[in-house]
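We count residues from 1, following the sequence as given.
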Amino acid sequence: MSAVDLVVRGGTVVNADWRGDADVFVAEGRIAGLVTPGTPVPDGSRPEEVDATGLLVMPGGVDPHCHVGFTSGEFTSLDDYARCTTAAVFGGTTTIVDFAIPRPGQGPLEAVRERRAAAVEGLCDSALHGCVVEWDETTADQLHEMAALGVNTVKMFTTYRGETMADEYTVLKTMKAMRSTGGMVVIHCEADHIIGEAQQVCGARGETGAEHMAANRPELAETASVAEVLAIAEAVGAPVYFVHQSTAEAVELVAAARRRGQSAYSEAVAHHLVLDEGAYTGEHPERFVCCPPLRSREAVDGLGRHLFTGEITTVGSDHCCYDTAQKEEHRHDVRAMPNGLPGVETRLPVVYSSYVAGRGLPVTRFVELVAANPARLNGIYPRKGALSPGSDADIVLWDPAARWTVRSRDLHMATDYTPYEGMEMTGRPRTVLVGGRVVVRDGELVDARPGGRTIASGLVENLC
């Protein structure tokens, strides 16, 4: 082994498939080796040493669902790459996957080029999902050029008519094209016609305020759309990834398709795994408006059960950094207010506290959900999502015994609130390395240089 420039000593290394005591050697920003504790460094090395005694040493989180400076209707979320990635790193995430969603009149390829140019200000690395809204004679060529640029996953929506919604023909054509690139469609499933009917009924009753969010976007809209998209994907033989699935029934539809041999995957997000629709009865229901909405406690428990069964493939944040003023502007009409919750910084702590510390989820499974599988399904594994020779030295030293209370004033997201305000947590990052650089040490930012790179995605792995 050649000389190393950093050593993490004394911790318990956790990968998705292995846990054990080991020291980590780092050279030139990459993992040089996992070695027996106390192993001397190679001759000629003068490494920085990082003490991980009593800590878990995990690969940095990969957030597969993160909206940075996202515009929807009249609202734009408040962060940029510098703010979002700083918050991500404080929460133990060292790679985010953002979305290049075209503006009206803009093509998918132009949106990708524009979005990639913004990523250089990041504190950590980022990848990108493209987006197709409407199919035309140029779309297939644009998708192939996007894949050549390293953007090989494409977001689609079955709702938000007149804005980002794609019809069934566009979904089918895009899936066929992505099959030929070795990529995958990433899809937001809520049947727009069912939502429209529900909102019409709620409107007639005067029930359009944030406190009625769950009734305005019912569970049926999600399950009906998932079933339809699965049928299209199965017919054309294309893989498909369902974002922010909020019910056990939706996850089970996807699991049944996998058992039939289909390449289909379920993402859950932290807020659907922890929060329930009781938040809409509180003092500030608008702060919890997201799509799909928060569900009943029974639905939350049913969804969380699939973290243990293996039916959920990844856990993302669906980070949308609006503030309370934006949320309150149309608080009496969920059809007009911005959907989404800030969460890139709290994703790992919330899931670890609730499910690893709280319910006994194996920590290896935690790493699989928040790091390894997101990297695999974005074509960036094992460069990301693993601690193995050759992987980027994105490392989180995690204190499993830390007890703390979530307060928005202590977080680093570009907003004035968190949906987890006041929640008691167990476990949090203590020190975070990005590409072999210590960026956060003992909870303090020690290196704010924008070193983030745009990571090209390759062929999407088949996990079925």
Side-chain angles (χ1 to χ4, degrees), residues 1-42 45 47-63 88-95 124-125 307 314-315 347-349 351-353 355-357 360-376 380-402 426-443:
M1 185 183 296
S2 58
V4 300
D5 47 48
L6 185 142
V7 180
V8 179
R9 290 201 185 274
T12 299
V13 172
V14 184
N15 275 313
D17 57 355
W18 180 81
R19 170 181 178 168
D21 293 339
D23 292 345
V24 183
F25 286 1
V26 174
E28 298 181 347
R30 301 214 171 198
I31 304 296
L34 305 181
V35 300
T36 302
T39 299
V41 298
S45 301
E48 175 184 0
E49 293 213 1
V50 179
D51 183 11
T53 302
L55 305 178
L56 303 177
V57 180
M58 305 188 295
V62 177
D63 191 338
V89 168
F90 270 100
T93 288
T94 54
T95 304
C124 66
D125 293 344
L307 294 180
T314 67
V315 174
R347 176 181 68 118
L348 268 63
V351 175
Y352 185 95
S353 183
Y355 286 93
V356 180
L361 184 75
V363 70
T364 49
R365 172 67 172 147
F366 173 74
V367 169
E368 180 181 47
L369 288 162
V370 303
N373 280 353
R376 291 183 175 113
I380 57 175
Y381 184 89
R383 179 176 181 180
K384 303 293 184 181
L387 299 180
S388 60
S391 299
D392 286 351
D394 297 343
I395 305 171
V396 176
L397 276 58
W398 189 274
D399 186 347
T426 299
R428 71 183 311 177
R430 180 180 292 179
T431 295
V432 180
L433 287 74
V434 176
R437 292 187 298 129
V438 178
V439 173
V440 172
R441 189 191 303 274
D442 293 327

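- The main-chain N or O of Asp17 is never found under 3.5 Å from a side-chain atom of Asn15 such that the two would form a donor-acceptor pair.
- Between Phe25 and Pro389 the shortest side-chain heavy-atom distance does not fall below 4.5 Å.
- Just one residue in the list Thr93, Val356, Leu369 forms a side-chain contact (heavy atoms from CB on, under 4.5 Å) with Leu348, and that residue is Thr93.
- Of the inter-residue distances, the one linking Thr95 atom OG1 with Arg383 atom CZ reads 8.5 Å to the nearest 0.5 angstrom.
- Heavy atoms only, all atoms of each residue included: Asp21 and Thr12 are closest at OD1-OG1, 3.0 Å.
- Among all heavy-atom pairs drawn from Ala386 and Pro59, the shortest one is N-CB, 3.6 Å.
- Using a distance-only test at 3.5 Å, with no hydrogens or angles considered, a donor-acceptor pair links the side chain of Arg365 to the main chain of Leu307.
- The heavy-atom pair separating Thr426 from Pro400 by the smallest distance is CG2-O, 3.4 Å.
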Please test Val35 against Val7 for side chain to side chain contact (heavy atoms under 4.5 Å, CB included), starting from the C-alpha separation and ending with a verdict.
-> CA-CA 10 Å; Val35 300; Val7 180; over 6 Å; no
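- A donor-acceptor pair under 3.5 Å is formed between the side chain of Arg347 and the backbone N or O of Val370.
- The main-chain N or O of Gly10 is never found under 3.5 Å from a side-chain atom of Asp51 such that the two would form a donor-acceptor pair.
- With contacts defined as side-chain heavy-atom distances shorter than 4.5 Å, the pair Glu48/Val26 does not qualify.
- Between atom CG of residue Leu6 and atom CZ of residue Arg437 there is a gap of 12.0 Å, rounded to the nearest 0.5 Å.
- Atom CZ of Arg430 is separated from atom CH2 of Trp398 by 12.5 Å, given to the nearest 0.5 angstrom.
- Judged by distance alone, the side chains of Ser391 and Ser388 do bring a donor and an acceptor atom under 3.5 Å apart.
- Ring centers of Phe366 and Tyr355: at least 6.0 Å apart, outside the cut-off.
- Closest approach of Gly91 and Pro349 over heavy atoms only: O-CD, 3.8 Å.
- Within the 3.5 Å criterion, the main-chain N or O of Thr39 finds a donor-acceptor partner in the side chain of Arg9.
- At least one side-chain heavy atom of Tyr352 sits less than 4.5 Å from a side-chain heavy atom of Leu56.
- No donor-acceptor pair closer than 3.5 Å links the side chain of Thr431 to the backbone N or O of Arg441.
- Other residues, nucleotides and ligands contribute over 12 non-hydrogen atoms within 6.0 Å of the CD atom of Glu49.
- Residues Val432 and Val89 come closest through the heavy atom pair CG2-O, 3.5 Å.
- Trp18 places a side-chain heavy atom less than 4.5 Å from the side chain of Val13.
- Asp392 contributes no side-chain N or O that, together with a main-chain N or O of Asp394, makes up a donor-acceptor pair within less than 3.5 Å.
- Taking each heavy atom of Ser45 and Pro42 in turn, the nearest pair found is OG-O, 2.9 Å.
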